[in-house]
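Counting starts at 1 for both ligands and their atoms, following the listed order. Please read these numbers as outputs of a predicted model, since none were measured by experiment.
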Amino acid sequence: MGREGSEGANMTSQDGRRAFLRGRFTARSVMRPFGALPPMEFEEACTGCGDCSRACPENIIMKDSEGFAVINFKKGECTFCGDCIEACETGALGGAQTWLWRARVSEDCLSQKGVHCRACQDYCDEQAIRFQLQTGGRAEPQFDLQSCTGCGACAAPCPVNAIKFSQISQPTEVSQC
Ligand code: SF4
Ligand code: SF4
Ligand code: SF4
């Protein structure tokens, strides 16, 4: 079955090549749901059916511009419940259940500019965020990569969308609830 909204019903070799190239260039920048296969395999397997999205109790799985499932932490956090994995019948979420994404802060952070804000810290259950006081009333949020689970709970409360996510190189096993 082709992706919903895509032009063709069946995967052609051209589709496969596009997925291959897309995988090469987006591998490090697109946050797929928990359990996703590596980028190229994921994009070959995901049909854009939306089953994972409907199964997610946090409503954080959207579709990207290509119709593939993508996480949006502006909607909420991932609890690593695994419901998306169970709902996916294509195997696209049948990869290693590791989560390599971790939070970091961008230069848009209000606190770094001297405006009092601790919203991200307030929402972090893991207490992974500490503030390093600086001159001029500024404070820089610092993220402890050992404590951060990459759940995304800190992202939505940030008033200026300053929380970004990057992948670490070493897998960290995440236990399911
Ligand atoms: S693991 Fe659970 S909360 Fe996280 S994206 Fe999947 S269904 Fe949603
Ligand atoms: S919530 Fe956003 S603006 Fe506020 S301290 Fe955290 S990163 Fe900075
Ligand atoms: S991603 Fe989750 S664990 Fe990491 S800093 Fe944000 S709220 Fe805390």
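Here the shortest heavy-atom distance to atom 7 (S) of ligand 1, taken over Ala69, Cys84, Gly82, Ala36, belongs to Cys84. Around atom 5 (S) of ligand 3, the closest heavy atom drawn from Ile129, Asp144, Leu145 belongs to Ile129. In the candidate list Cys81, Gly35, Cys78, Pro57, Cys81 is nearest to atom 2 (Fe) of ligand 1, counting heavy atoms.
Near Phe143, meaning under 4.0 Å from one of its heavy atoms, ligand 3 places the atoms 5 (S). Close contacts between ligand 1 and Ile71 involve ligand atoms 5 (S) [criterion: under 4.0 Å to a heavy atom]. Ligand 3 places these atoms under 4.0 Å from at least one heavy atom of Gly150: 1 (S), 4 (Fe). Listed by atom number, the atoms of ligand 1 under 4.0 Å from Ile61 heavy atoms are 5 (S). Ligand 1 places these atoms under 4.0 Å from at least one heavy atom of Glu58: 3 (S).
The protein heavy atom nearest to atom 4 (Fe) of ligand 3 is Cys148 SG, 2.4 Å. For atom 8 (Fe) of ligand 3, the closest heavy atom belonging to the protein is Cys124 SG, 2.3 Å.
Counting backbone and side-chain atoms alike, Cys120 contributes an N/O/S atom closer than 2.8 Å to atom 6 (Fe) of ligand 2.
Exactly one residue among Gln121, Arg138, Gln132, Arg118 makes a side chain to side chain donor-acceptor pair (under 3.5 Å) with Ser111. That residue is Arg118.
The part of Val160 lying near ligand 2 is the side chain, judged by heavy-atom distances below 4.0 Å. At a 4.0 Å heavy-atom cut-off, ligand 1 does not touch Pro33 at all.
Residue contact annotation: Ile85 has no non-hydrogen atom under 4.0 Å from ligand 1. Put simply, no part of Cys52 is less than 4.0 Å from ligand 1, judged by heavy atoms. In this structure, Ala55 has no heavy atom closer than 4.0 Å to ligand 1.
For the atom pair Asp83 CG and Arg54 CZ, the distance stands at 14.0 Å (nearest 0.5 Å).
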